[in-house]
Amino acid sequence: MESFIKAVSKLKNNKSSSIGKVIEITGNTCKVERENLPTLEDVRLNAIEGDFSNKIIIYPKIGSKVLCLEISGEKEETAIVKYTEIDKVLIEIDGAKFEMSGGKFQIKNETADQRKITNDLIDALKTAIILTPQGPGKFSDPTKQKFTQIKTDNENLYE
């Protein structure tokens, strides 16, 4: 965190930027508390406002330090440009969605969900019947246990 503060300390006297602590997040904005300065309300998480279908949004962690920059020199219009800690990242492009938060991922689009696909594959393998010259066979119990462990690991990865 020292390097973060050093990197932006040169901007401290610049009236168009300030460092503060995120105290609340609402939608695509947050509230930033600053030392010896008024609290900033409705600080944008993205510099450009709008409901875009293709976007990247970085949500800072509550309590993290952020660098805020005035937009077009307007004191009431600010956006976050740097973060010390991130709570969530959301990327949406052409209906595909990638979200990372709480140590887990979500990858899907309008017709498919990566978590569900992987779980369905594992479930199908666990119940598969294997044709052999001696007749139908199945996976051994140790192999089925391995499939169960893979499914558990998958659940720990995806939200």
Side-chain angles (χ1 to χ4, degrees), residues 1-124 126 145-159:
M1 184 145 93
E2 269 185 59
S3 60
F4 172 79
I5 293 172
K6 273 184 179 181
V8 296
S9 65
K10 294 177 184 176
L11 299 172
K12 198 166 190 167
N13 292 329
N14 182 342
K15 294 182 184 354
S16 65
S17 67
S18 62
I19 298 171
K21 179 173 72 170
V22 176
I23 57 174
E24 181 181 311
I25 296 175
T26 307
N28 292 330
T29 65
C30 68
K31 187 184 289 189
V32 177
E33 184 177 72
R34 303 177 297 168
E35 194 172 309
N36 301 321
L37 290 169
T39 297
L40 293 172
E41 306 279 339
D42 299 321
V43 178
R44 299 177 191 176
L45 301 181
N46 282 333
I48 306 298
E49 287 185 304
D51 187 23
F52 303 104
S53 57
N54 296 329
K55 61 190 169 198
I56 296 176
I57 301 175
I58 300 172
Y59 295 85
K61 189 174 270 191
I62 299 290
S64 66
K65 295 218 179 229
V66 292
L67 173 63
C68 301
L69 205 57
E70 289 178 10
I71 299 171
S72 301
E74 299 290 329
K75 291 183 194 266
E76 64 280 352
E77 296 291 329
T78 54
I80 294 176
V81 294
K82 291 288 182 183
Y83 315 77
T84 57
E85 294 183 75
I86 296 171
D87 187 49
K88 176 170 83 170
V89 176
L90 172 68
I91 302 172
E92 291 182 11
I93 301 173
D94 295 332
K97 177 181 177 182
F98 171 83
E99 184 176 321
M100 182 175 34
S101 65
K104 293 189 176 192
F105 299 92
Q106 186 181 84
I107 303 171
K108 61 184 174 181
N109 63 22
E110 292 150 352
T111 59
D113 179 333
Q114 181 62 50
R115 174 185 176 187
K116 183 178 180 335
I117 292 168
T118 304
N119 283 341
D120 289 350
L121 172 64
I122 293 167
D123 289 340
K126 283 170 58 176
Q145 289 171 355
K146 183 64 177 168
F147 290 151
T148 300
Q149 183 59 52
I150 291 169
K151 187 172 181 178
T152 300
D153 292 345
N154 188 61
E155 286 297 313
N156 290 330
L157 183 61
Y158 292 100
E159 51 176 48

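Residues: numbered from 1 along the sequence shown.
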query = Does a side-chain heavy-atom distance below 4.5 Å link I25 with P60?
reply = yes

key: Gap between atom CD of Q145 and atom CD1 of I150 - 0.5 Å precision   = 12.0 Å

request  = Can you measure from CD1 (I58) to CD1 (I80) and round to the nearest 0.5 angstrom?
outcome  = 9.5 Å

message = Quick one, T78 with I71, criterion side-chain contact (heavy atoms from CB on, under 4.5 Å). Give me CA distance, side-chain angles, the key distance, then yes/no.
response = CA-CA 5 Å; T78 54; I71 299 171; 5.8 Å; no

request  = Check step by step if side-chain contact (heavy atoms from CB on, under 4.5 Å) holds for C68 and V81.
outcome  = CA-CA 6 Å; C68 301; V81 294; over 6 Å; no

Listed pairs under 3.5 Å, donor-acceptor, residues 46-56 side chains, sequence neighbours left out:
residue: N46; atom: ND2; partner: I56; partner atom: O; Å: 3.3
residue: E49; atom: OE1; partner: R44; partner atom: NH2; Å: 3.2
residue: N54; atom: OD1; partner: D94; partner atom: N; Å: 2.6
residue: N54; atom: ND2; partner: D94; partner atom: OD1; Å: 3.4

message = Under the side chain to side chain contact (heavy atoms under 4.5 Å, CB included) test against I57, which residue among I91, L45, V89 passes?
response = L45

ask   = Taking the side chain as C-beta and beyond, is there a heavy-atom pair between R34 and L40 under 4.5 Å?
value = yes

inquiry  = Against Y83, only a single residue in V22, L67, V66 fulfils side chain to side chain contact (heavy atoms under 4.5 Å, CB included); can you say which?
reply    = V66

ask   = Is the backbone N or O of T148 less than 3.5 Å from a side-chain atom of T152, with the two atoms forming a donor-acceptor pair by type?
value = yes

Quick one: side chains of residues 97-106, donor-acceptor pairs under 3.5 Å with protein atoms, not counting sequence neighbours, listed by atom name and distance.
residue: K97; atom: NZ; partner: E99; partner atom: OE1; Å: 3.4
residue: K97; atom: NZ; partner: Q106; partner atom: OE1; Å: 3.1
residue: S101; atom: OG; partner: E159; partner atom: OE1; Å: 3.2
residue: K104; atom: NZ; partner: E155; partner atom: O; Å: 3.4
residue: Q106; atom: NE2; partner: E159; partner atom: OE2; Å: 3.3

query = Above 12 or not: heavy atoms from other molecules or residues under 6.0 Å from NZ of K126?
reply = yes

request  = Please list, chain by chain and in numerical order, all residues satisfying ring pair (Phe, Tyr, Trp, His ring centres under 6.0 Å) with Y59, sequence neighbours excluded.
outcome  = none

message = Please enumerate all residues that pass side-chain contact (heavy atoms from CB on, under 4.5 Å) together with D120, with sequence neighbours excluded.
response = K116

inquiry  = Using the side-chain hydrogen bond (donor to acceptor under 3.5 Å, both in side chains) criterion, which residues pair with T39? Sequence neighbours excluded.
reply    = none

request  = Give a yes or no on whether the backbone of K65 and the side-chain of T84 come within a donor-acceptor separation of less than 3.5 Å.
outcome  = yes

note = So CG of N36 and OG of S18: to nearest 0.5 Å the spacing works out to 12.0 Å

ask   = Taking all non-hydrogen atoms of both residues, which atom of E33 and which atom of I23 are closest, and how far apart?
value = CB-CG2, 3.8 Å

request  = Kindly write out the residues that satisfy side-chain contact (heavy atoms from CB on, under 4.5 Å) with A124, not counting sequence neighbours, or none if the list is empty.
outcome  = none

remark   = Rounded to the nearest 0.5 angstrom, the CD-OG1 distance for E41 and T29 is 9.0 Å

key: Interatomic spacing from CD1 in I93 to CG in N109 - rounded to 0.5 Å   = 12.5 Å

inquiry  = Which residues pass the side-chain hydrogen bond (donor to acceptor under 3.5 Å, both in side chains) test with T118, not counting sequence neighbours?
reply    = Q114

remark   = Residues passing the salt bridge (Lys or Arg N to Asp or Glu O under 4.0 Å) test with K151, sequence neighbours excluded, are D123

task = Just jot down the side-chain hydrogen bond (donor to acceptor under 3.5 Å, both in side chains) partners of N156, sequence neighbours excluded, or say none.
result = none

query = For the atom pair CG (N119) and CG (N154), what is the distance rounded to the nearest 0.5 Å?
reply = 4.5 Å

query = Sequence neighbours excluded, which residues qualify as side-chain hydrogen bond (donor to acceptor under 3.5 Å, both in side chains) partners of K146?
reply = none

